[in-house]
Amino acid sequence: MVSPTNFLLHAFLWLALAATAFSLSPNFYHNVCPQALPAIKRVVEAAVHKERRMGASLLRLHFHDCFVNGCDGSLLLDSTSSFETEKNARGNLNSVRGFEVVDQIKAEVDRVCGRPVVSCADILAVAARDSVVALGGPTWKVRLGRRDSTTASRTLADNVLPSASMDLPALINNFKNQGLNKRDLVALSGGHTIGLSQCLIFRNRIYNATDIDPAFAKERRATCPRTGGNTNLAPFDPTPSRFDTAYFKNLVKEKGLLTSDQALFSGGSTDKLVETYSKNPNAFWVDFGKSMIRMGNIKPLTGKQGQIRVNCRKVN
């Protein structure tokens, strides 16, 4: 008869092995398809070279995927008779983009691997990192081995995606619900150092806010009228095609574009970190990489959960 101690030891070893087998690892594709990551990088670099804004768009896809039931590629699914696409959620409608690039990456990766072995969820995670690097930002080791969801939830996306009108307590709480802390909130918000936003999203701030630099507000109003021009674009900082610290320098001068941007520097508990990042690019880069890894770890499907989609837009 097996002694209780032996049994527990075996059980513990088995659990440790299972956890190792199903936890994410940077080397997940080393043996199955070593060409996978270079293929993703090639397509991302070409897409960002063609349109610099695409880097920010691909980074945002990963973020908006992870916040809705984990990093499972659910954002990529189109509507079916059984669920409505997350693309129609408030924080995504007419604003998330880059799906064609994801399709191109998927086609290229499946071609070099000879079959579908890389999940769409992993493609989003790697494309986000490669986009940041392509725009002059830091690199980090992306943990891999996620699998793709077989469903999506517009309702959940409506409820959990952070909104541009949130104040600091709401933002802290929103990130806390994802297992992310204040440092993650500030570092990941720094992703706004690249990309553009639509007039509809920042109109209220540039016409009604009191914590805004008057000259900055006036400059933004020139391309964002009180009525009309909803889709007119403005950069989050003066260098929207370069991953730098200009976003944080702007916040210190009350030139945050969104209410949720300026909330990070508004006399609250995150002011000090914003100041640190504005003066110390290296501190921001290190923390951004760490926080991207933490966000990429939100509730992944692993092992036999989910599937590896053949087409990122639909369930197999």
Side-chain angles (χ1 to χ4, degrees), residues 16-45 47-48 55 58-77 98-99 101-134 137-150 178-180 184 187-188 191 285-286 288-313 315-316:
L17 283 169
T20 310
F22 297 150
S23 61
L24 305 181
S25 155
N27 306 322
F28 190 81
Y29 296 108
H30 271 24
N31 296 327
V32 272
C33 183
Q35 312 92 316
L37 269 61
I40 297 173
K41 190 167 192 252
R42 278 197 308 276
V43 181
V44 169
E45 283 178 344
V48 173
L58 293 171
L59 173 60
R60 190 158 177 256
L61 283 182
H62 179 45
F63 174 53
H64 281 221
D65 178 40
C66 289
F67 264 54
V68 185
N69 216 13
C71 314
D72 60 1
S74 59
L75 174 56
L76 303 174
L77 290 171
F99 299 106
V101 176
V102 175
D103 292 339
Q104 286 168 19
I105 296 170
K106 177 68 172 157
E108 180 60 12
V109 168
D110 286 359
R111 186 187 70 78
V112 300
C113 295
R115 65 192 199 286
V117 288
V118 181
S119 68
C120 302
D122 274 349
I123 284 172
L124 289 182
V126 177
R129 189 266 316 271
D130 292 347
S131 293
V132 168
V133 172
T139 189
W140 59 92
K141 277 193 158 66
V142 181
R143 312 304 201 252
L144 300 163
R146 298 168 193 80
R147 287 168 67 84
D148 297 322
S149 71
T150 53
Q178 301 288 354
L180 300 171
D184 297 317
L188 292 171
W285 279 33
V286 168
F288 186 79
K290 284 180 185 168
S291 292
M292 285 298 290
I293 291 168
R294 281 164 60 85
M295 183 180 79
N297 281 340
I298 298 174
K299 290 194 339 200
L301 298 171
T302 58
K304 295 217 170 357
Q305 300 170 307
Q307 60 182 210
I308 305 295
R309 280 185 220 141
V310 176
N311 175 346
C312 289
R313 294 172 185 259
V315 175
N316 295 349

Under the 3.5 angstrom rule, does the side chain of Arg147 hit a backbone N or O of Gly145 as a donor-acceptor pair? no

Any donor-acceptor pair under 3.5 Å from Asp103 side chain to Cys312 backbone: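 Flag not set: sc Asp103 to bb Cys312 has no pair under 3.5 Å.
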
Please enumerate all residues that pass salt bridge (Lys or Arg N to Asp or Glu O under 4.0 Å) together with [X], with sequence neighbours excluded.
{"X": "Asp122", "answer": "Arg146"}
{"X": "Arg294", "answer": "Asp184"}
{"X": "Arg115", "answer": "none"}

Derivation of the side chain to side chain contact (heavy atoms under 4.5 Å, CB included) call for Val102 and Cys120: CA-CA 8 Å; Val102 175; Cys120 302; 5.5 Å; no

With rounding to the nearest 0.5 Å, note down the distance linking [atom1] in [X] to [atom2] in [Y].
{"X": "Ser119", "Y": "Tyr29", "atom1": "OG", "atom2": "OH", "answer": "4.0 Å"}
{"X": "Cys66", "Y": "Asn297", "atom1": "SG", "atom2": "CG", "answer": "9.0 Å"}
{"X": "Ile40", "Y": "Lys106", "atom1": "CD1", "atom2": "NZ", "answer": "9.5 Å"}
{"X": "Ser131", "Y": "Glu45", "atom1": "OG", "atom2": "CD", "answer": "9.5 Å"}
{"X": "His64", "Y": "Leu59", "atom1": "NE2", "atom2": "CG", "answer": "9.5 Å"}
{"X": "Ile105", "Y": "Asp130", "atom1": "CD1", "atom2": "CG", "answer": "8.0 Å"}

Could you walk me through whether Met295 and Ile298 satisfy the side chain to side chain contact (heavy atoms under 4.5 Å, CB included) test, starting with their C-alpha distance in whole Å, then the side-chain angles of each, then the deciding distance to 0.1 Å, before giving a yes or no? CA-CA 6 Å; Met295 183 180 79; Ile298 298 174; 4.0 Å; yes

I would like to know whether Leu188 and Leu180 meet side chain to side chain contact (heavy atoms under 4.5 Å, CB included); could you show each step before the answer? CA-CA 10 Å; Leu188 292 171; Leu180 300 171; 4.1 Å; yes

Partners meeting side-chain contact (heavy atoms from CB on, under 4.5 Å) with [X] (sequence neighbours left out):
{"X": "Gln305", "result": "Leu301, Thr302"}
{"X": "Arg111", "result": "Glu108"}
{"X": "Gln35", "result": "Cys33, Val112"}
{"X": "Thr139", "result": "Arg129, Val133"}

Does Asn31, at its CG atom, have more than 12 non-hydrogen atoms belonging to other residues, nucleotides or ligands within less than 6.0 Å? no

Run Arg313 and Leu76 through side chain to side chain contact (heavy atoms under 4.5 Å, CB included) and show every step you take. CA-CA 5 Å; Arg313 294 172 185 259; Leu76 303 174; 5.7 Å; no

Under the side chain to side chain donor-acceptor pair (under 3.5 Å) test, residues paired with [X] that sit two or more places apart:
{"X": "Gln307", "value": "none"}
{"X": "Asn27", "value": "His30"}
{"X": "His62", "value": "none"}
{"X": "Asp72", "value": "Ser74"}

Using every non-hydrogen atom in the two residues, find where [X] and [Y] come nearest and quote the distance to one decimal.
{"X": "Leu124", "Y": "Gly73", "value": "CD1-CA, 4.5 Å"}
{"X": "Cys113", "Y": "Ala36", "value": "SG-CB, 4.0 Å"}
{"X": "Val48", "Y": "Ala134", "value": "CG1-CB, 4.1 Å"}
{"X": "Asp110", "Y": "Pro116", "value": "OD1-CA, 3.4 Å"}

With sequence neighbours excluded, tell me which residues meet ring-ring contact (aromatic ring centres under 6.0 Å, His included) with Phe63.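 Testing Phe63 for ring-ring contact (aromatic ring centres under 6.0 Å, His included), a comparison that skips the adjacent residues, returns Phe67.
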
Among Leu77, Leu75, Asn69, Asp65, which residue meets the side chain to side chain contact (heavy atoms under 4.5 Å, CB included) test with Ser149? Leu77

So do the side chains of [X] and [Y] get within less than 4.5 Å of each other, counting heavy atoms only?
{"X": "Val142", "Y": "Leu37", "result": "no"}
{"X": "Val126", "Y": "Leu144", "result": "yes"}
{"X": "Pro138", "Y": "Val132", "result": "yes"}

